[in-house]
Amino acid sequence: MSRRDGMVERRGWGYWLSHAGLILGVAFVFFPIWLAFVASTVSQTEIVRPPMPLWPGDHLLENYGKALASGVNAPVALMLMNSAIMAIGIALGKIAISLLSAFAIVYFRFPGRKLFFWLIFLTLMLPVEVRIVPTYEVIAGFGMLNSYSGLILPLIASATATFLFRQFFMTVPDELAEAARVDGARPMRFFLDILMPMSRTNIAALFVILFIYGWNQYLWPLLITTDPAMNTIVMGIKQMFPSGDDIADWPVIMATSILAMVPPVLVVIGMQRLFIRGLVESEK
Amino acid sequence: MATVTLENICKSFGKTDVIHGVDIDIADGEFIVIVGPSGCGKSTLLRMIAGLETVTSGEVRIGGRRVNDVEPMDRDIAMVFQNYALYPHMNVFDNMAYGLKIAGKPRAEIAERVAGAARLLQLEPYLDRKPRELSGGQRQRVAMGRAIVRKPAVFLFDEPLSNLDAKLRVQMRLEIRQLQRDLGVTAVYVTHDQVEAMTLADRMVVMHAGRADQIGPPLEVYENPATTFVAGFIGSPPMNFVPVGLVGLGAPEGTVLGIRPEHVELVSGSDRLHGTVVYAEALGAETLVHVRLADGTLATVRQDGTAPTPPEGSDVGLIWAEAHQKLFGADGTRL
């Protein structure tokens with residue numbers, strides 16, 4: 001951000017001090033990531049010999065290549081794809097379902113409308129971990145263990161997103177719905193042509209949050225995927241840790257960790273541009 | 001182009017009755033203005049014609065066809081909303097074309113009709129803009145364009161000018177009237193502004209507490225108000241009301257005499273009616289003199305701006321020609 005000369009602000013000690021504090025904080029948080037990156041660019045022998053190296057080595061391509069192509073149990077490329085399918089599936093599924101249920105709750109008067117809203121709201125208080133045993137039972141019953149649908153479906157109902165879209169729809173002026181009705185738009189047409197485009201800022205913001213939520217799922221994939229080919233990356237990292245006397249291949253594990261961080265970062269950066277543009281453009 | 005008939009229309013929201021039986025016959029090509037204070041049910045009435053509100057009892061007919069249970073889109077109407085209700089994510093062209101697109105009209109015809117409306121409303125340079133990039137008056141025009149392109153039989157306006165500033169309001173008022181004449185479309189226009197009602201209407205409907213107090217041409221309503229409410233609502237400043245006892249008129253108890261401010265003249269001494277001047281508002285072309293009568297009621301006298309203004313606190317007499325006075329019964333209706 002550029003500072004204009006005319007700005008009425010005096011830069012005393014406080015200015016530099018607060019910046020120093022913030023930079024120190026950033027460095028503090030970033031240091032472990034830096035160490036992980038360094039560890040992913042050196043050889044196994046360099047890692048285990050103290051002191052730990054602080055500057056990148058020359059094994060970057062070798063380590064990352066090994067991780068992507070073969071990994072420890074399953075190739076990281078495959079795990080990345082599994083995670084991507086799961087995270088995108090959860091994000092899109094959640095958005096689709098919550099948009100529709102918010103639309104129903106705000107624009108239609110049906111018997112039990114309040115009841116359904118509160119039922120949805122109630123699920124806010126029941127995270128996956130709480131209902132994990134019955135959910136496992138259901139998914140196993142449907143034969144969905146070790147499948148993408150098993151990974152995605154139990155996680156796509158979202159009270160938070162429904163609530164968010166409900167609040168947004170309630171701010172859309174009624175005249176807009178009426179104008180669309182006079183123009184001859186049936187409810188679903190109004191939903192697709194008017195409401196969806198108007199919600200794109202919210203959709204972009206939610207996509208970021210939900211993608212990361214899906215990407216970071218750990219317990220659920222750990223429970224229902226036994227086949228290494230279905231491993232997601234977050235649980236896959238854990239699977240790479242040696243059990244017993246095996247030697248951990250730290251450079252490959254660290255390369256995997258760094259790779260696991262890349263997609264969420266890309267989503268945040270990519271979508272950020274989109275939803276900031278949406279914020280500037282949208283007006284009710 | 002069509003007639004619109006409302007027959008004994010009633011509307012209740014739950015247990016509250018808001019409209020108690022309204023009958024209006026609107027001729028083909030007529031400009032009808034429904035005017036009244038807020039909460040009188042005028043917007044509800046319009047929304048029932050549009051089909052946005054269900055009719056509790058009675059019948060709405062457009063072009064002779066009963067439309068009580070017909071969807072808005074099939075009623076052959078177009079509506080202009082108070083806050084324009086433009087689709088914020090569509091440009092001006094798409095806003096106007098949306099209804100036609102849904103109706104499945106061919107592309108070429110849509111383009112032609114939108115272009116025609118844009119020419120008529122001087123919107124041609126703005127077709128690619130989004131509503132937020134337009135001024136209030138331009139948005140208003142787009143909302144009208146959206147109504148025009150559908151070539152409806154009836155135009156419905158729900159306080160379309162109340163979000164505009166005063167100068168633009170006058171200009172748009174003229175444009176709406178001109179447009180309606182040129183297109184020859186029947187129009188129903190709701191407003192709380194009596195000036196709009198007076199200037200636009202072929203006939204106006206004065207609504208009061210869910211009833212149509214009077215229906216008639218603006219000047220007829222002004223000259224011959226049917227109730228004290230109409231007399232007080234139409235005309236600014238409103239008609240003066242004086243208890244008959246004060247002027248020594250032989251009439252039943254509770255009768256009120258109404259006289260327009262411009263029909264009253266101030267004289268230095270009178271045996272008919274007198275009071276003290278409270279204050280005078282000099283508006284340039286005219287001066288409004290407020291007078292407190294013997295029983296405490298306030299009366300307004302409108303006199304020419306060049307006439308001498310009596311000083312505050314002075315005692316003045318009020319006279320008028322008997323032909324101008326109107327008598328209202330205790331229940332508010334004309335005698």
Side-chain angles (χ1 to χ4, degrees), chain A residues 95-96 99 102-103 106-111 113-114 164-207 271 273-284, chain B residues 43 46-54 70-91 94-105 110 129-134 139 142-150 152 154-160 163:
Chain A
I95 288 170
L99 266 172
F103 180 54
V106 175
Y107 284 93
F108 294 89
R109 296 224 174 113
F110 52 91
R113 173 163 153 262
K114 277 250 168 74
L164 189 123
F165 284 123
R166 171 185 178 262
Q167 296 306 97
F168 172 68
F169 289 168
M170 293 202 315
T171 67
V172 173
D174 288 343
E175 280 89 346
L176 224 50
E178 288 170 352
R181 227 177 125 195
V182 172
D183 268 343
R186 304 280 176 207
M188 278 321 280
R189 187 90 198 239
F190 168 69
F191 176 70
L192 291 173
D193 285 355
I194 316 282
L195 272 187
M196 288 261 290
M198 283 180 73
S199 321
R200 63 181 189 276
T201 318
N202 284 313
I203 293 175
L206 258 184
F207 184 86
M271 296 302 261
R273 222 174 265 153
L274 199 137
F275 78 66
I276 286 176
R277 204 177 56 200
L279 277 179
V280 176
E281 273 181 8
S282 85
E283 189 197 32
K284 272 165 245 146
Chain B
S43 279
L46 188 80
R47 291 164 57 81
M48 285 196 285
I49 301 175
L52 295 169
E53 209 77 70
T54 55
V70 177
E71 272 289 302
M73 59 176 290
D74 301 319
R75 289 189 180 200
D76 207 7
I77 51 125
M79 187 152 170
V80 177
F81 294 87
Q82 179 176 357
N83 63 2
Y84 323 128
L86 300 178
Y87 310 123
H89 59 289
M90 294 186 190
N91 63 26
D94 289 333
N95 259 290
M96 295 206 270
Y98 187 59
L100 298 176
K101 270 182 195 156
I102 290 178
K105 296 271 186 277
I110 294 177
R129 297 223 192 147
K130 295 272 174 67
R132 87 192 119 79
E133 296 163 322
L134 301 175
R139 286 183 208 190
V142 177
M144 305 224 304
R146 194 164 64 177
I148 291 171
V149 293
R150 305 187 57 217
V154 184
F155 268 148
L156 304 175
F157 296 94
D158 188 4
E159 308 212 14
N163 282 1

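These figures come from a predicted structure and were not determined experimentally. The sequence lines fix the lettering, A, B, ..., with proteins before strands; numbering per chain opens at 1.
Neither the backbone nor the side chain of B:Arg75 has a heavy atom closer than 4.5 Å to any heavy atom of chain A. The contact between A:Ala180 and chain B is made by backbone and side chain atoms together, counting heavy-atom distances below 4.5 Å.
The distance from atom CG of A:Asp193 to atom OH of B:Tyr87, rounded to the nearest 0.5 Å, is 9.0 Å.
Between B:Asp158 and A:Glu175, the closest side-chain pair of non-hydrogen atoms is not below 4.5 Å.
B:Arg146 contributes no side-chain N or O that, together with a main-chain N or O of A:Ala179, makes up a donor-acceptor pair within less than 3.5 Å.
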- Query: Can B:Ile102 and A:Arg186 be said to form a side chain to side chain contact (heavy atoms under 4.5 Å, CB included), step by step?
  - Reply: CA-CA 9 Å; B:Ile102 290 178; A:Arg186 304 280 176 207; over 6 Å; no
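Enclosure of atom CG in B:Asp74 by more than 12 non-hydrogen atoms of other residues, nucleotides or ligands within 6.0 angstrom is indicated.
Between B:Pro88 and A:Leu176, the shortest heavy-atom distance links the atoms CD-CD2, 4.0 Å.
Comparing B:Lys101, B:Arg150, B:Met73 by heavy-atom pairs within less than 4.5 Å of chain A, the highest count is held by B:Met73.
Inspection of non-hydrogen atoms places B:Ala78, B:Met79, B:Phe81, B:Asn83, B:Ala85, B:Leu86 of residues 78-86 of chain B under 4.5 Å from chain A.
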